[in-house]
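Starting from 1, each residue takes its place in the sequence as its number.
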Amino acid sequence: MEPWQAALLALVQGLTEFLPISSSAHLVIPGLVFGWPDQGLAFDVAVHVGTLAAVLFYFRRDLAELAVGTGSALVQRRLTVPAREVLALALGTLPVVLAGFLAGDFVEARLRNLPVIASTTLLFGLLLVAAHRASRRAGGTTVTLVAAVAIGLAQVLALVPGTSRSGITMTAAMLLGVGRTAAARFSFLLSIPVIAGAGLLKVAQLASAPAAVPWLPLALAALLAGLCAYSCIALFLRWVDRIGLLPFAAYRVCLSLVLYALWLA
């Protein structure tokens with residue numbers, strides 16, 4: 001890719017990774033419209049590093065409190081609030097890890113295509129409307145262990161391109177009575193092990209197929225993706241209670257129509 005193409009894709013990845021609009025749906029468009037080549041494994045690793053750094057830095061204080069609280073719980077041998085949240089995050093992560101191990105190859109081979117991405121973009125956009133309506137009555141500030149399991153099962157659907165990992169986890173949380181801000185926070189924290197795991201897998205694949213690595217463009221791509229992701233996390237958490245999810249649902253419906261048009265063309 002040309003440097004400006006890599007920069008644009010990094011911006012797209014950073015802007016869409018944590019918003020409920022699906023990064024895969026956006027990344028497929030430049031290749032279809034402009035005939036751009038696949039960005040390659042090294043680029044995927046770089047933008048994963050950038051987005052992971054963004055969420056780790058934004059929630060650094062929360063993560064420190066969770067680590068200290070969990071350590072204290074182990075010493076005291078009792079389930080403290082931080083330890084319960086760590087357990088909830090673990091329960092929410094386990095289903096997608098198992099599903100990715102069992103069905104990852106099938107998803108890559110059969111489901112990464114335009115009709116599927118357009119359909120999931122539309123379907124889960126409409127489901128986001130239901131979540132928005134449920135969130136008007138939802139006021140929960142914590143995610144129970146039972147809810148964490150349900151959110152984790154919903155996250156499995158994010159393996160299908162176009163679903164949006166953040167979108168489906170926030171949708172599930174709000175349908176279970178969790179408030180918008182709390183649902184978004186849990187979704188973003190839940191992304192840490194998922195992004196880290198996906199990044200490590202891609203690093204392993206990259207190591208098994210060594211090639212010349214353009215370090216400077218990749219570092220710039222990681223930086224751009226990270227800065228955009230950090231901004232999106234901060235702004236979304238600040239505004240989600242005010243604006244709700246309807247704008248994102250409407251955007252998804254419009255995007256799905258564009259994707260269907262590209263498919264038919």
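- Heavy atoms from other residues, nucleotides or ligands lying under 6.0 Å from CZ of Arg136 number more than 12.
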Side-chain donor-acceptor distances from residues 53-66 under 3.5 Å, at least two apart:
| residue | atom | partner | partner atom | Å |
| --- | --- | --- | --- | --- |
| Arg60 | NH1 | Phe57 | O | 2.6 |
| Asp62 | OD2 | Arg185 | NE | 3.2 |
| Asp62 | OD2 | Arg185 | NH2 | 3.1 |

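- One hydrophobic cluster, built from ILVMFWY side chains closer than 4.5 Å, holds both Leu126 and Phe248.
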Decide yes or no on side chain to side chain contact (heavy atoms under 4.5 Å, CB included) for Leu145 and Val149, but give the supporting numbers first.
-> CA-CA 6 Å; Leu145 297 182; Val149 173; 5.9 Å; no
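- Here the shortest heavy-atom pairing between Ala131 and Leu245 reads CB-CD1, 4.4 Å.
- Hydrophobic cluster membership is shared by Leu190 and Ile192, with clusters built from Ile, Leu, Val, Met, Phe, Trp and Tyr side chains linked at under 4.5 angstrom.
- Residues Ile21 and Val12 share a hydrophobic cluster, clusters being chains of Ile/Leu/Val/Met/Phe/Trp/Tyr side chains in contact below 4.5 Å.
- Atom CZ of Arg78 and atom OG of Ser72 lie 8.5 Å apart (nearest 0.5 Å).
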Do any side-chain atoms of residues 218-238 form donor-acceptor pairs under 3.5 angstrom with protein atoms, and if so which ones, sequence neighbours left out?
| residue | atom | partner | partner atom | Å |
| --- | --- | --- | --- | --- |
| Ser231 | OG | Leu227 | O | 3.0 |

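- In this structure, the side chain of Arg252 engages the main chain of Pro20 through a donor-acceptor pair within 3.5 Å.
- In the hydrophobic clustering of this structure, Val86 does not group with Val81; members are Ile, Leu, Val, Met, Phe, Trp, Tyr whose side-chain heavy atoms approach within less than 4.5 Å, directly or through other members.
- Under the 4.5 Å side-chain contact rule for hydrophobic residues, Val129 and Val253 do not share a cluster.
- Between Ser119 and Tyr260, the closest side-chain pair of non-hydrogen atoms falls below 4.5 Å.
- For the pair Thr171 (side chain) and Ile168 (backbone), a donor-acceptor distance under 3.5 Å is absent.
- For the atom pair CG of Leu175 and CZ of Arg133, the computed distance is 12.0 Å after rounding to the nearest 0.5 Å.
- The side-chain heavy atoms of Leu9 and Phe43, taken from C-beta on, include a pair separated by under 4.5 Å.
- Contact check for Ile195 versus Glu17: side-chain heavy atoms found under the 4.5 Å cut-off.
- In this view, Thr51 satisfies the side-chain hydrogen bond (donor to acceptor under 3.5 Å, both in side chains) rule with no residue, not counting sequence neighbours.
- Annotation: the span from Leu114 atom CG to Leu259 atom CG amounts to 5.5 Å, rounded to 0.5 Å.
- Residues satisfying the salt bridge (charged side-chain N to carboxylate O under 4.0 Å, His left out) test with Asp241, not counting sequence neighbours, are none.
- In terms of heavy-atom proximity, Leu189 sits nearest to Pro193 at O-CD, 3.5 Å.
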I'd like a table of donor-acceptor pairs (distance under 3.5 Å, sequence neighbours excluded) in which one partner is a side-chain atom from residues 150-166, with atom names and distances.
| residue | atom | partner | partner atom | Å |
| --- | --- | --- | --- | --- |
| Gln155 | OE1 | Arg165 | NH1 | 3.1 |
| Gln155 | NE2 | Gly92 | O | 3.0 |
| Thr163 | OG1 | Leu157 | O | 3.0 |
| Thr163 | OG1 | Val160 | O | 2.9 |
| Ser164 | OG | Ser166 | OG | 3.4 |
| Ser164 | OG | Gly167 | N | 3.0 |
| Arg165 | NH1 | Ser187 | O | 3.3 |
| Arg165 | NH2 | Ser187 | O | 2.9 |
| Arg165 | NH2 | Ser187 | OG | 3.4 |
| Ser166 | OG | Phe18 | O | 3.3 |
| Ser166 | OG | Leu19 | O | 3.0 |

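- In terms of heavy atoms, Pro247 sits closest to Gly244 at CD-O, 4.1 Å.
- In this structure a side-chain-to-backbone donor-acceptor pair under 3.5 Å is missing from His132 to Leu128.
- Minimum interatomic distance between His26 and Pro30 (heavy atoms only, all atoms of both residues): O-CD, 3.1 Å.
- Smallest separation of non-hydrogen atoms from Arg180 and Ser135: NE-OG, 2.7 Å.
- The side-chain hydrogen bond (donor to acceptor under 3.5 Å, both in side chains) search around Arg84 returns none, not counting sequence neighbours.
- Residues Gly199 and His48 share a closest heavy-atom pair of N-CD2, 4.2 Å.
- Taking OG1 of Thr169 as the start and CZ of Phe188 as the end, the distance is 8.5 Å to the nearest 0.5 Å.
- Remark: Trp263 CH2 is loosely packed, at most 12 non-hydrogen atoms of other residues, nucleotides or ligands lying under 6.0 Å away.
- Checked against Leu255 for a side chain to side chain contact (heavy atoms under 4.5 Å, CB included), the options Ile117, Ile29, Leu122 give a single hit: Ile29.
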